[in-house]
Amino acid sequence: MLQVAYIRAHKNEVVAKLAVKNFDARDIIDALISLDEKRRQTQAEHDDTLANSNKLSKEIGILYKSGNTEEANAKKAQTAELKDRSKQLSQLLSETQKMLHDKLVQIPNIPHESVPKGKSEEDNKVISQEGEIPNLGDHAKPHWELVAEKNIIDFELGVKITGAGFPVYRGKGAKLQRALINYFLDKNIEAGYEEVMPPHLVNEASGFGTGQLPDKEGQMYHVTEDNLYLIPTAEVPVTNIFRDVILKKEDLPVKCTAYTPCFRREAGSYGKDVRGLNRLHQFDKIEIVQIQHPEESYKTLDSMVDHVAGILRELKLPFRILQLCGGDISFTSSLTYDFEVYSTAQDKWLEVSSVSNFESYQTNRLKLRYRDDDKKIKLCHSLNGSSLALPRVLAAIIENYQDANGIRIPEVLIPYCGFDKIE
RNA sequence: GGAGAGAUGGCAGAGUGGUCGAAUGCGGUGGUCUUGAAAACCAUUGUACAGCAAUGUACCGGGGGUUCGAAUCCCUCUCUCUCCGCCA
């Protein structure tokens, strides 16, 4: 969430920038500022009242000790009114704070100045495209046909065991999946990321910290009996490692990578674009997370983009990089680049990674800070990206690497797979 | 699932109604000494909010209560640990 003090000081700028996200912030920010004023005023008054009653209590204590009961009792009588007043004020204060907080979490992150205006994904800006789109002729098959033919992914079996969107990978399909996980992790470790294996269920505080709660409650599987959520991405447990942490400046940047399964309810997205591996309820993803100094975070974002591009290049998949427009960028992000690979048989670009700078939007929720050279405590910037999400990469590999006899394995994956072809 | 214990500052750990934001030790930072280092010694060392500041207020797991006054007493919730049972 944004910082109230910042909104107060840059009201017009905030409103103008949020308009890029098609968010009309005028009313909510007016309400927020007046609530903040009320909060500060109430708090000042409350503090005063408490200061008075603290003073009286101390005096009463001293009087009792010196045996002056009469005067002590007289002072006691004076406290009643103060007590009453402070009770009222503290109630008013906590109500005001709650209202303020409710407003604050409804305001999305401010987009970076480079974010283009736009209504939907149609308006995203293509930054670059590279890699050769293979010419497979008219016989190219979509991945869902190929995986059934080769018996490497069984969607119907997943339906039997769990439901739609929970595929079963088998044989060389399973091995290829495992190879991708190891390959991605190795690439990330090589680039200086520490590998972590976090829990796959998180509590409410963690869900709030990265911004999934309260806004996207319906997108996560919720284990109500224990009030835990299945993670929709490793971003949640990994970023929350640093919740309530004050880092030293020299600790920055912190770089973590994690492989986890991801669980998404995808409520309301049935129908289009859900065939095969395109959209699943459970999928595997390797995530990269960085905690960085505010002045360095955009350089870091670029380096993360380069890193992901390097992996797709090695896999020899045609891909393009998009900068998301105001209408498509997420609630919590300032600047997001999406990576899409070309899925030849589907004749479609599939999103395989999303790399974002959240600036201090998450860290303000997380209370993730660092001590700067001036000894002051300031919010870090947080960034993350997929490196990479498996199913669509797999779909693209299967389709782009098909030939008359089967599916070839990208060269970099052969050592991980132990075979070079699925026939 | 059953029984018990506990939650205090970066860590360890004292404090059972009054000037306690909290002893002490360790750690951190700065300094003295030293060619340098170690040791020793000295000093310093939580966070948030309000305020230009002085300063004030809050925080001893969360919430509520008793009291003029709560880390300390009462209620309640959450979490952690130990033992037993079950179990990968």
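A, B, ... follow the sequence lines: proteins, then strands. Residue 1 opens every chain.
- For A:Lys83, a side-chain nitrogen or oxygen approaches OP1 or OP2 of B:rG69 to under 4.0 Å.
- To the nearest whole angstrom, the two C1' atoms, one in B:rA3 and one in B:rG56, are 48 Å apart.
- At the phosphate of B:rC49, neither OP1 nor OP2 sits under 4.0 Å from any side-chain N or O atom of A:Arg40.
- Following rounding to the nearest Å, A:Lys58 (NZ) and B:rG21 (C1') show an atom-to-atom distance of 11 Å.
- Whole-Å rounding puts the A:His46 NE2 to B:rC59 C1' distance at 13 Å.
- At the phosphate of B:rU47, neither OP1 nor OP2 sits under 4.0 Å from any side-chain N or O atom of A:Arg369.
- Distance noted for atom C1' between B:rA5 and B:rC86: 22 Å (whole Å).
- Rounded to the nearest Å, the gap between the C1' atom of B:rC81 and that of B:rG27 is 25 Å.
- How far NZ of A:Lys125 is from CD of A:Gln323: 5.0 Å, rounded to the nearest 0.5 Å.
- In this structure, of B:rU57, B:rU19, B:rG65, it is B:rU19 that holds the atom nearest to the side chain of A:Lys65.
- When the nearest nucleotides of RNA chain B are assigned to A:Ile246 and A:Asn52 by heavy-atom distance, the more 5′-ward of the two goes with A:Ile246.
- To the nearest angstrom, C1' of B:rG28 lies 12 Å from CD of A:Glu250.
- By the 30° and 60° cut-offs, the orientation of the rings of A:His293 relative to A:Tyr370 is tilted.
- Rounded to the nearest Å, the gap between the C1' atom of B:rA14 and that of B:rG21 is 15 Å.
- Here the separation of B:rG6 from B:rG13, taken at their P atoms, is 14 Å to the nearest Å.
- Atom CG in A:Asp226 sits roughly 17 Å away from atom P in B:rC77 (whole-Å rounding).
- With P as the reference atom, B:rU57 and B:rU19 are 14 Å apart, rounded to whole Å.
- When both pairing distances are held under 3.5 Å, B:rC41 makes a Watson-Crick or G-U pair with B:rG31.
- B:rU66 makes up no base pair with any nucleotide shown, lacking Watson-Crick or G-U wobble contacts both under 3.5 Å.
- Across the P atoms, B:rU24 and B:rC41 are found 15 Å apart, a figure rounded to whole Å.
- Sequence order on RNA chain B of the closest nucleotides to A:Lys248 and A:Thr79 puts A:Lys248 first from the 5' end.
- One atom, CD of A:Glu45, and another, C1' of B:rC49, lie 16 Å apart when rounded to the nearest Å.
- Using bins of under 30°, 30° to 60° and over 60° for the plane-to-plane angle, the ring pair A:Tyr193/A:His307 lands in the tilted bin.
- Checked against B:rG46, B:rA48, B:rG18, the side chain of A:Ser57 finds its nearest nucleotide in B:rG18.
- Within the 4.0 angstrom heavy-atom criterion, no nucleotide atom of any strand lies near A:Leu56.
- Under the Watson-Crick and G-U wobble criteria, each requiring two contacts below 3.5 Å, nucleotide B:rA14 is left unpaired.
- Taking only side-chain atoms of A:Arg371, from C-beta outward, the nucleotide of B:rG46, B:rU57, B:rG18 with the closest atom is B:rG46.
- Nucleotides B:rU8 and B:rG62 place their C1' atoms 15 Å apart, quoted to the nearest Å.
- Atom pair A:Lys75:NZ and B:rG69:P shows a separation of 15 Å (rounding to whole Å applied).
- Shown here, B:rA22 forms no base pair; nothing in the strands shown gives a Watson-Crick or G-U wobble contact with both key distances under 3.5 Å.
- Nucleotide B:rC59 has B:rG46 as its partner under the Watson-Crick or G-U criteria, with both atom distances under 3.5 Å.
- OP1 or OP2 of B:rG56 has not a single side-chain nitrogen or oxygen of A:Asn54 nearer than 4.0 Å.
- Of the nucleotides present, B:rG6 is the one that pairs with B:rC79 by Watson-Crick or G-U wobble criteria, both distances under 3.5 Å.
- The CD atom of A:Glu70 sits 17 Å away from the C1' atom of B:rC68 (whole-angstrom rounding).
- Listed nucleotides B:rU57, B:rG18, B:rU19 differ in distance to A:Ile62; the shortest reach to its side chain belongs to B:rU19.
- Atom-to-atom, CD of A:Glu81 to P of B:rC68 comes out at 16 Å; the value is rounded to the nearest Å.
- In this structure, A:Tyr221 and A:His281 have perpendicular ring planes: the angle between them is above 60°, well past the 30° mark.
- Residue A:Ile377 has its side chain nearest to B:rA48 when only B:rA48, B:rG69, B:rA50 are considered.
- B:rA54 is unpaired under the criterion used here, namely a Watson-Crick or G-U wobble arrangement in which both key atom distances are under 3.5 Å.
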Audit row: A:Leu146, A:Gln402, side chain to side chain contact (heavy atoms under 4.5 Å, CB included) steps and yes/no: CA-CA 9 Å; A:Leu146 285 162; A:Gln402 63 181 302; 3.5 Å; yes

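- Of the listed nucleotides (B:rC68, B:rA50, B:rC49), B:rA50 has the atom at the smallest distance from the side chain of A:Arg8.
- Rounding to the nearest 0.5 angstrom, the gap separating the CD atom in A:Gln3 from the OG atom in A:Ser360 is 5.0 Å.
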Begin with the C-alpha distance, continue with both residues' side-chain angles, and end with the deciding distance and a verdict on salt bridge (charged side-chain N to carboxylate O under 4.0 Å, His left out) for A:Asp30 and A:Arg26. CA-CA 6 Å; A:Asp30 282 340; A:Arg26 281 171 300 182; over 6 Å; no

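- Of the candidates A:Lys376, A:Arg371, A:Lys378, A:Lys378 is the only one forming a side-chain hydrogen bond (donor to acceptor under 3.5 Å, both in side chains) with A:Asp374.
- Summarising the base pairing, B:rC86 is matched to no nucleotide, lacking a Watson-Crick or G-U wobble pair whose two defining distances lie under 3.5 Å.
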